[in-house]
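Everything below concerns the one structure shown next.
Chain naming here is simple, since letters A, B, ... match the order of the sequence lines and numbering starts at 1 in each.
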There are 2 protein chains.
Amino acid sequence: MTEKNPDKTRKKLLESAFFEIYRVGFQAANIDRILKSAGVTKGALYHHFSGKKELGYAVVDEVIGHWIADKWSASLKAEGNAIEVLKGTVTAAARMLRGHDENGEVGHCAEMAEVGDVTLGCPLMNLAQEMSPVDEGFRLRIERIFDSWHAALAEVLERGVQDGTLRSNVDPRKTARFLIAMYEGAIGIAKNSKSVEAIYESLEMMGEFIDTLAKPAEKAA
Amino acid sequence: MTEKNPDKTRKKLLESAFFEIYRVGFQAANIDRILKSAGVTKGALYHHFSGKKELGYAVVDEVIGHWIADKWSASLKAEGNAIEVLKGTVTAAARMLRGHDENGEVGHCAEMAEVGDVTLGCPLMNLAQEMSPVDEGFRLRIERIFDSWHAALAEVLERGVQDGTLRSNVDPRKTARFLIAMYEGAIGIAKNSKSVEAIYESLEMMGEFIDTLAKPAEKAA
DNA sequence: CCCTATACATACCAACTAGTATGTATGTTA
DNA sequence: TAACATACATACTAGTTGGTATGTATAGGG
């Protein structure tokens, strides 16, 4: 009925599926809830996607992948001092995180959660933790996203080492992975304690760690 | 039939439930699989536990809680230099992590996974990520465990600051949380990439970070 | 030895859920 | 405008799953 707009319905399905998965995970994600929230019917879903898993894959590739690319890879492409670029992305991350609207509903998720929600954590990491041991298809798609993020980070670090901003013994690849681990770990811990403050403080410490990567000032000759 | 041993069956149930939850998460955990793996029947389960959720709670409290306490709080109670104690726990963690037996079965979990399995990550963190937004009961129980871990870490740090081993501007609580975040993040990232090496390298970097907490050597007067 | 509560075993159910079969309306092409 | 493929809508199904009703055997107290 009404109108017939395949691109739009597909997009709505992806978005609703993303939020559903974001909230309860893929395995517990409910098709009917997704449909209700998207405002379309089962026929539409199974016309666009061959099944729940395919829908999940598409969410990873098209929603989460693009989102990470925008949020990170983009801001990492900034020119200038490696330390500043790195710390810039961290503070940018901090800015986009917010707590709940205190509506007292303990134990329930906000109806219209957004991506920066502290109590829901990082969509990519959530899915990675849940699905990587269970389904290789998810794992590989998620890995690709992490890899691109890692590559962008490593490039900045490599540049910093080359131009003498960073200590020469900084290993770009290891450090990049460690930075991602720190960030995701901080989000994960804060998620369980429901504390935005916890993230801020951890990101602050992450900034201090980044400072330790800098080449120390030259001693007087 | 056979024998009647409530303590033993309860323990078997808890252990089987733990591994099932460890592998696929709580929501996807299958009661019948747990029963089969425990070698008991449904009657036994529902005699000991009022339901799936109660079983999950018991797993958190009795299995995961004790496990974390043993692995961390214990080794953190060692006497001596704070730096050494901290780095000791990190290397202890590294030691207990191992990869899969390379049996080629990609995408499937080992039948009898053990707790140190890289591809399965940290049981506590897994559950925290999955259940903390979904069920407040889980969240609180998990939080208690993290808190005790955090307290043990903070105590070591506090002691280090007091006795001059660590820089005086080290904030024990923030740093403790950050260390947990680093560790859990490292495990989580390695889990998705299925790489034991990734953990080793991240734990190595974690050691370097711990070194930066030390009070710098005194300058010549 | 008896008797009762505990500790299990078995068969079954009700609810949910991904997926399908089928139908219909809309847009497009000839 | 006829014909056809795309894009949706609806009703239904088959399978799974947590939970229960009911039965039975064992252990321990009197």
Side-chain angles (χ1 to χ4, degrees), chain A residues 1-60 62 108-109 127 130-131 134-135 137-138, chain B residues 1-60 62 108-109 127 130-131 134-135 137-138:
Chain A
M1 254 185 236
T2 57
E3 60 190 326
K4 211 166 168 180
N5 196 333
D7 289 358
K8 193 177 167 191
T9 42
R10 189 189 144 88
K11 213 167 192 174
K12 276 196 289 186
L13 280 168
L14 281 175
E15 201 155 316
S16 294
F18 166 76
F19 280 119
E20 172 75 5
I21 293 171
Y22 185 33
R23 274 197 292 267
V24 298
F26 175 77
Q27 301 182 105
N30 185 303
I31 295 281
D32 288 325
R33 271 202 302 264
I34 293 173
L35 293 174
K36 190 179 167 190
S37 137
V40 302
T41 60
K42 213 163 255 191
L45 169 63
Y46 284 91
H47 172 73
H48 286 280
F49 305 94
S50 64
K52 187 187 179 185
K53 190 186 278 186
E54 275 297 323
L55 176 62
Y57 286 170
V59 166
V60 177
E62 302 178 37
H108 290 77
C109 303
L127 220 49
E130 180 193 3
M131 296 308 293
V134 170
D135 183 275
F138 272 102
Chain B
M1 257 187 233
T2 59
E3 60 190 323
K4 211 166 167 177
N5 196 333
D7 290 359
K8 193 178 167 190
T9 42
R10 189 190 144 88
K11 213 166 192 175
K12 276 197 289 186
L13 280 169
L14 280 176
E15 201 155 315
S16 295
F18 167 75
F19 280 119
E20 171 75 5
I21 293 172
Y22 185 31
R23 274 199 292 267
V24 298
F26 175 77
Q27 301 182 104
N30 184 303
I31 296 280
D32 288 324
R33 271 201 302 265
I34 293 173
L35 294 173
K36 191 179 168 189
S37 138
V40 302
T41 59
K42 210 163 256 192
L45 169 63
Y46 282 90
H47 173 71
H48 287 280
F49 304 94
S50 64
K52 187 187 180 186
K53 190 186 279 187
E54 274 298 322
L55 175 62
Y57 287 170
V59 165
V60 177
E62 301 178 37
H108 290 78
C109 303
L127 219 49
E130 179 192 5
M131 297 307 293
V134 170
D135 182 274
F138 272 101

Keeping A:E20 on the side-chain end and A:N30 on the backbone end, is there a donor-acceptor pair under 3.5 Å? yes
Under 4.0 Å, heavy atom to any atom of DNA chain C: which of residues 24-40 of chain A qualify? A:A29, A:N30, A:I31
Given A:L55 and A:I34, is the side chain to side chain contact (heavy atoms under 4.5 Å, CB included) satisfied, shown in steps? CA-CA 11 Å; A:L55 176 62; A:I34 293 173; 4.2 Å; yes
Between atom CG in A:L45 and atom C1' in D:dT10, what is the gap in whole Å? 14 Å
Going by number, which of residues 46-53 of chain A have a non-hydrogen atom under 4.0 Å from DNA chain D? A:H47, A:H48
B:F49 vs B:V59, side chain to side chain contact (heavy atoms under 4.5 Å, CB included): CA-CA, chis, key distance, verdict: CA-CA 11 Å; B:F49 304 94; B:V59 165; over 6 Å; no
If you fit an axis to the five pairs at each end of the helix from C:dC1-D:dG30 to C:dA30-D:dT1, how big is the angle between those two axes, to 10 degrees? 10°
Worked check of side chain to side chain contact (heavy atoms under 4.5 Å, CB included) between B:D32 and B:K36: CA-CA 6 Å; B:D32 288 324; B:K36 191 179 168 189; over 6 Å; no
Just to confirm, is there a sub-4.0 Å distance from OP1 or OP2 of C:dA7 to any side-chain nitrogen or oxygen of B:T9? no
Kindly assign one of parallel, tilted or perpendicular to the pair A:F18 and A:Y22, based on the angle between their ring planes and the thresholds 30° and 60°. parallel
Nearest whole Å is fine: how far is D:dT20 P from B:K42 NZ? 11 Å
Is B:E130 reaching over with its side chain to a backbone N or O of B:F26, donor-acceptor style, under 3.5 angstrom? yes
Ignoring hydrogens and geometry, is there a side-chain-to-backbone donor-acceptor pair from B:S16 to B:L13 under 3.5 Å? no
Which heavy atom of A:A58 sits nearest a heavy atom of A:L14, and at what distance? CB-CD2, 3.6 Å
Whole Å only: how far is the CD atom of B:E54 from the C1' atom of D:dG19? 14 Å
Can you figure out which of C:dC8, D:dT20, D:dC8 approaches the side chain of A:P6 most closely? D:dC8
Can you tell me if B:K52 uses its side chain to pair, donor with acceptor, with the backbone of B:A29 under 3.5 Å? yes
Would you find a donor on one side and an acceptor on the other, under 3.5 Å apart, between the side chain of B:Q27 and the backbone of A:G25? no
Roughly how many Å is it from NZ in B:K8 to P in D:dT26, rounded to a whole number? 16 Å
Stepwise, does the side chain to side chain contact (heavy atoms under 4.5 Å, CB included) test hold for B:R33 with B:R23? CA-CA 12 Å; B:R33 271 201 302 265; B:R23 274 199 292 267; over 6 Å; no
Interatomic distance, B:K12 NZ vs C:dA7 P [rounded to whole Å]: 15 Å
